[in-house]
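Below is one structure, written out as structure tokens; comments come after it.
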Amino acid sequence: MGLTENEEEENKSKNMTKIKRKELGLSCMLNAEIGAVLAVIRRIPDQLYHPSEENSDSAILQSLKSLRSLIFNPQQEWRKIDPSLYLSPFLDVIQSDDIPAAATGIALSSILKILRLEIFDEKTTGAKDVMNAVVIAITACRLEKTDPISEEAVMMKILHILTAVMRHKASVLLTDHAVCTLVNTCFQVVQQSAHRSDLLQRSARYTMQELIQIIYYRLPDIEVNDWENSESDTEDSNLDSGFGIRAAVDIFHFFCSLLNVVEVGEIEALHTQTADGDVQFFALALINSAIELSGDSIGKHPKLLRMVQDDLFHHLIHYGTYSSPLVLSMICSTVLNIYHFLRRSVRLQLEAFFTFVLFRAANLGNSPPLQEVATEAIVNFCRQPTFIIEIYVNYDCDPIFGNTFEEIGRLLCKHAFPAGGPLTSLQVQAFEGLVVIIHNIAENIDKEEDTSPSGPYPVEISEYKPFWEEMSKDDGLETWVNFVRVRKAQKKKILISGNHFNQDDKKGLEYLKISLLIPDTPDPKAFALFFRFTPKLDKTMIGDYLGDPDEFHIEVLKEFTNTFEFTGMVLDSALRTYLETFRLPGESQKIQRIMEAFAERFYDQQSSEVFVSKDSVFILCYSVIMLNTDQHNPQVKKKMTEEEFIRNNRAINGGNDLPREYLSELFHSISSNAITLFGQSGTPVEMNPCRWIQIVNRAKLMKPFVQCNFDRRLGRDMFAAIAGPSVATLAAIFEQAEEEEILHECVELFFSISRIAQYELEDTLDELICLFCKFTTLLNPYASAEETLYAFSNDMKPRLATLAVFTIANTFKSSIGGSWRTIVECLLKLKRLKLLPQSLFEFDIASDSSNEAKHEKSESVAAFSTHNSKFSHIRRSSGLIGRFSHFLSLESVEESLNLGVSEFEQNQKVIQQCHIESIFTTSSSLPNESLLNLGRALIFAAAGKGQKFSTPVEEEETVAFCWDLIIIISSVNLHRFSAFWPHYHDYLLGVAQFPLFSPIPFAEKAIVALMKICVNLLSTFQLDKLPEELIFKSINLMWKLEKEILDTCSEFLLQSVSRILNEYPANLQSSLGWKTVLHFLSVTGRHPETYDQGVESLISMMSDGTQISRTNYAFCIECAFGFVALKNSPVEKNIKIMDLMSDSVKLLVQWYRSGYSDPGSNASVGSNASSSSVEEKLPVSSASFIMNLFVKLGEALRKTCLARREEVRNHAVISLQRSFMLAEELCFTPANCIYCFNNLIFAMVDDIHEKMLEYSRRENAERETRSMEGSLKRAMEVLTEVYSQLLKPISESPHFRPFWMGLLRRMDTCMKADLGEYGISTMQDVIPELLKKIISLMKENEMLVPKEGDDLWEITYVQIQWIAPSLKDELFPDAIL
């Protein structure tokens, strides 16, 4: 709803009433102020107030009275009235010479009140004039006629008015001159207050600060004008725009000039120096305020920026070298502010400040307070987020600059390094700086979200690139980072070249070419910049090279001279700058060439028109050198005068004289300060005006300071530059410090270094780990277990070091290399002290390996991240103090004692926090190299390398523990077993070659461990059988070192083998694996306690049949023979085994039918055959391979035929016969038949016959003889049956005739067997029947019939007559010989 007309009228009336009330209040205020001024003027006694001019007095009083008559009847609102109307009378009062101080004070109060009430603003007519008039009036304020107390009160009011003027809205209308006047007035009050009350001093300085804040707070809003880009300082700015950059520049220049008071202070009394130092400190505070408020806007205003670059920095560097600690602290704060806002524009100046101020002030030769201030300043710089990376990129990676970052790192390490005794405040401060730097690098390069690359390390220079050229970040961050790293590599090569150059100049320059720092076609600029900016070069060699008459050398000289900027320098300053970079040669011709090059460069860059040609410069240079020699050579007795010098240089400037004043100044400069013509390298460089001009001139040509953020590669390179001294300092401080906080800081720094070392700085981490392992007290070889335990229990440092080492080993194990050996030594010592947690001994290999095999690396990584969640904060912040303090602080020790916790239990808690078990259970995250180092350390430790054992039991426990850890490592790394185990096997080979190596207990424990690994490996099917072959290769190596260990480990071997055969037979793929497993199974039969389970495993395997393959068949037969050959084994078991052996022929037949071939396995089977001729006689094919296996079976049964027990022997004979019967479908070629008969049947008969004869010759062996005779009878029957079975293929053999003769010969031998005293052999009854059966069969097959050209029948007939004459007529009834 809208307001009614009456309501609107009422609101307007209320507003008008309010305005009138406010206007009335202002009128009353002005009236009161006028009355107060008039009252004070009137009450002054005549003797104190004598107006000098009646008219003047009347004018001041009249103006006040006139104002009073108007204030209650204004023509318009006060805000719209010209302020000069009501301010001018008060301004006249404070400017009058005869007005008493009291009246002046009241008038000042009135002006202050008017300004604070802001009766007018910047839009009020006349505001600009009145604001400037106020400034003029305050500046002209007269205080002659007053007492000191009143004068201080007036000065306080002046300060208040100055502040009020600048705070007023209309202050923007002040002119630059007015603002400068206002600041100058305030500074005059500051100076005058030096001898007055402390309150006035503080108020004056505070007001000055406030004025500066107001003025420079406006700077970011001021636009750049043409005046700033001009070289003139007298051109006025636009008067209508109010104060601006001109005032800011003039005021800043005024502050810089205040820094020069030290020059006066140096020659005055001590109190003057103190006062001047106070002024200097105050000026720095004002400059700081100006920079802080202006920020980077200073960079937008060229003149102000040039003042910072030149005047301000020159003063800061010049006076910072010998100022007091307080002033140096303020100087450092100023430079820090400049770095924040203007670093892009002060690249060379910043380097000069660090080089000539901070590094020198922090030098150990200075006073401790000054060192502390300088060190603190360096630390403050390092605390800035991007300072160290920017310093590294801008200076350390630029061959033209020094290594500022490295110098900072070395300086902090040098100051922090303890020298014995408690740490000093300087050492703690420097250590804090080192901590800041390393933490900063670690936090910025080890970020989880950072996906930037982390290599390559180190950087290689692959092609020539001019090392003096720079690249912008705008070309691409990745390209720029690579460029920066290459430049750093170039810089390193340049320094190496410099060292070579100082030894041999030709080798040094050749190294430049080899390092691709100069092109194939030499570039004179490259040589020139090498000579100009490479530190510590031999100056004599440089001078000789530059003075050489060779054309290329002359070009290098020209380029070398062009690196100097002589703009703004007088001749002697330029010559000093030039000649301090090398030693002037002694030959006049070389000097001439060098001076000509200098003269040309100086003439081209002279800022005045003093010289008309370069020849004039050249002549004067020679004259100056002669003057320098004359004035400063002690052998010259009569010195040249000024007049003589001037006279000697007449008419050298194109026929005219040089200005007398110029020559006179030159003479006095040379006379008072000699030019060093033959300076040596290595002399300290001082800052002087000449060098400063060089810096300013170079800064104009240099690319700006590069601002950048951290890059992982650059951060890694940064730390690599200071890694050596940093690690040494950290270790030394940890060793000597006693304060708990310092120790915890050392551990945090240890972690940060570890985070950085992940990026291919493994050597650094290894070094640090080895140092910290020393502090655990666990590596002292001369301390007993009791002494070690006592030291560990009663000192926090060993426990802290132990916790740190194993936490690092957990968290950063991927970066650990050779130091695994030291870690393992500590671990073994903890084992002997019985401090290791039980969890380390209860690792479930089966379950963990199963999971590992299923999920491979991802599972282990997940376990790693989960288990170490408490370490996740390491990547974000340094929180280790809180984590460790609960277990390691002194308070916790007292608390534990109060709770009744023993020292041993407390130590165990500390070790539990190490989570040692996870080092091994999460080793799947280790890279191959680290995994190899860890395994090598464990294997060598198990072999006793570096170990001292007090008892055999201790040795055995240690070896077993090492192998247990190897089991854990192998189990969680099965997915890459083929990658690391070949190296582990090589380590085992190396161990076996150790001097005085004893396989017991090493090999004994190794067999157990390796079999556990083997079972674990076989628990999962492997596509590649290489891992299996590798582990069995190591197993065989170990048991062959000491064969008796198989007997000592038989029970364990049986369990392992049984598990493999029962649970994982399908995963056993290699022939070596089957050979080893079945060999171990056969070994278990030797022992009664393992025989039953072993034989059952064998019977189960052979009964099933599915586990027998062409790969393991031969080894199964060997194993079976091993069991059967045992002396006291149960007969029924042996018979069962032989039945299974003969039944296995069915598998051979099955494989033969399916064309199952394995030519590659032939060698392995043949190699285990008793006859080496198998491979020679049987061709390599599917049939020959199967036949080879059959022969292997036959040989095992043939050997069994000689068993002592008759039941076993006879069953072996029957089994052999059965094998031949079952093998009928095999490919029995004539050659195969002959071979099998010769090596199996005939061999069996021969062996039994020989054994029978052997028994017959023994006494009391009739039973054995008759038993063996019975076996021979069965053997001959088997011969007959098999011959009958294979008659046809045998008869087709070209070797049938000798074969047949061999058969008949054996018949004859058995027929005529002589049993000696035991009677006649029953074989005479058996042989004829067998012969009858054979010959009858041959006749039926028409193989033994008279044939023309075939004498087989005749030979047989003759042999039958010899063997069994009684059969002649029966078998050959129609024979007619």
Side-chain angles (χ1 to χ4, degrees), residues 409 413 434-435 437-448 450 454-458 712-735 743-776 778-779 800-827 864 868 871 874-875 878 880 884 914-916 918-920 922-923 925-938:
C413 290
L434 191 63
V435 169
I437 290 176
I438 296 177
H439 281 337
N440 194 356
I441 296 175
E443 290 293 334
N444 282 283
I445 74 170
D446 188 32
K447 294 180 178 179
E448 293 181 356
D450 189 358
S454 57
Y457 307 114
R712 176 173 289 168
R713 291 158 292 180
L714 294 178
R716 179 266 181 199
D717 294 343
M718 287 172 62
F719 178 74
I722 62 171
S726 298
V727 169
T729 302
L730 170 59
I733 290 177
F734 188 84
E735 183 176 19
L743 293 177
H744 281 295
E745 284 188 3
C746 289
V747 173
E748 289 191 64
L749 191 58
F750 188 8
F751 270 73
S752 290
I753 292 176
S754 303
R755 294 172 64 184
I756 301 169
Q758 296 176 93
Y759 304 99
E760 298 192 33
L761 285 173
E762 291 82 0
D763 292 345
T764 299
L765 182 58
D766 286 338
E767 179 184 359
L768 193 54
I769 287 176
C770 291
L771 289 172
F772 264 74
C773 285
K774 180 182 69 173
F775 303 135
T776 64
L778 299 174
L779 299 181
L800 187 60
T802 302
L803 183 55
V805 166
F806 285 107
T807 307
I808 291 294
N810 249 315
T811 314
F812 303 103
K813 53 180 171 285
S814 298
S815 305
I816 298 177
S819 59
W820 278 120
R821 175 184 173 184
T822 311
I823 295 173
V824 168
E825 290 180 4
C826 291
L827 181 61
F864 173 77
N868 292 281
F871 304 128
I874 296 172
R875 293 185 173 270
S878 299
L880 297 178
F884 292 156
C914 295
H915 297 286
I916 296 175
S918 72
I919 296 175
F920 305 97
T922 62
S923 60
S925 62
L926 288 176
N928 288 342
E929 188 65 29
S930 185
L931 186 64
L932 295 181
N933 282 313
L934 176 56
R936 184 177 186 271
L938 289 171

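Excluded from the calculations below are hydrogen atoms, water molecules and symmetry mates; all remaining heavy atoms, backbone and side chain alike, are included.
Residue Glu735 holds its CD atom at 11.5 Å from CD1 of Ile733, rounded to the nearest 0.5 Å. To the nearest 0.5 Å, the span separating OG1 on Thr822 from CG on Leu779 amounts to 6.5 Å. Rounding to the nearest 0.5 Å gives a distance of 13.0 Å between CZ of Arg716 and CZ of Arg712. Phe812 CZ to Thr807 OG1: the interatomic distance, rounded to the nearest 0.5 Å, is 10.0 Å. Rounded to the nearest 0.5 Å, atoms CD1 (Ile756) and OG1 (Thr764) are 9.5 Å apart. Residue Ile753 holds its CD1 atom at 10.5 Å from CG of Leu761, rounded to the nearest 0.5 Å.
Across Val805 and Cys773, no two heavy atoms sit closer than the pair CG1-SG, 3.7 Å. Considering all non-hydrogen atoms of both residues, Asn810 and Cys914 come closest at ND2-O, 2.9 Å. When all heavy atoms are compared, the tightest approach of Ala809 to Lys813 is O-CB, 2.7 Å. Shortest non-hydrogen contact noted between Gly715 and Ile445 is CA-CG2, 3.6 Å. For Ser726 against Phe719, the heavy-atom pair with the smallest separation is CB-CE1, 4.4 Å. Of all the heavy atoms in Ala937 and Val824, the pair that sits closest is CB-CG2, 3.9 Å.
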Test log, rule side chain to side chain contact (heavy atoms under 4.5 Å, CB included), inputs Phe920 and Leu938: CA-CA 11 Å; Phe920 305 97; Leu938 289 171; 4.2 Å; yes
CA sep, side-chain torsions, deciding dist, call: Leu800, Phe775, side chain to side chain contact (heavy atoms under 4.5 Å, CB included): CA-CA 9 Å; Leu800 187 60; Phe775 303 135; over 6 Å; no
Verdict with supporting geometry, Trp820 and Ile919, side chain to side chain contact (heavy atoms under 4.5 Å, CB included): CA-CA 11 Å; Trp820 278 120; Ile919 296 175; 3.6 Å; yes
I'd like to know whether Ile441 forms a side chain to side chain contact (heavy atoms under 4.5 Å, CB included) with Ile437, so could you lay out the CA-CA distance, the side-chain angles of the two residues, the decisive distance to 0.1 Å, and finally the verdict. CA-CA 6 Å; Ile441 296 175; Ile437 290 176; 4.0 Å; yes
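Of the possible polar contacts, one joining the Asn444 side chain to the Asn440 backbone as a donor-acceptor pair under 3.5 Å is found. Ser930 places a side-chain N or O within 3.5 Å of a backbone atom of Ile816 that can act as its donor or acceptor partner. Remark: side-chain polar atoms of Ser814 are paired, donor with acceptor, to backbone N or O of Ser925 under 3.5 angstrom. Listed for the Ser752 side chain is no donor-acceptor partner under 3.5 Å among the backbone atoms of Leu749. At least one donor-acceptor pair under 3.5 Å links the side chain of Gln758 to the backbone N or O of Arg755.
Aromatic ring centres of Tyr759 and Tyr457: separated by at least 6.0 Å.
In this pair, Phe772 and Phe734 present their aromatic rings tilted. The plane angle is within the 30 to 60° band.
By the side-chain hydrogen bond (donor to acceptor under 3.5 Å, both in side chains) test, Asn933 pairs with no residue at all, sequence neighbours left out.
Across Ser754, Ser815, Ser819, a single residue satisfies side chain to side chain contact (heavy atoms under 4.5 Å, CB included) together with Ile808, and that is Ser754.
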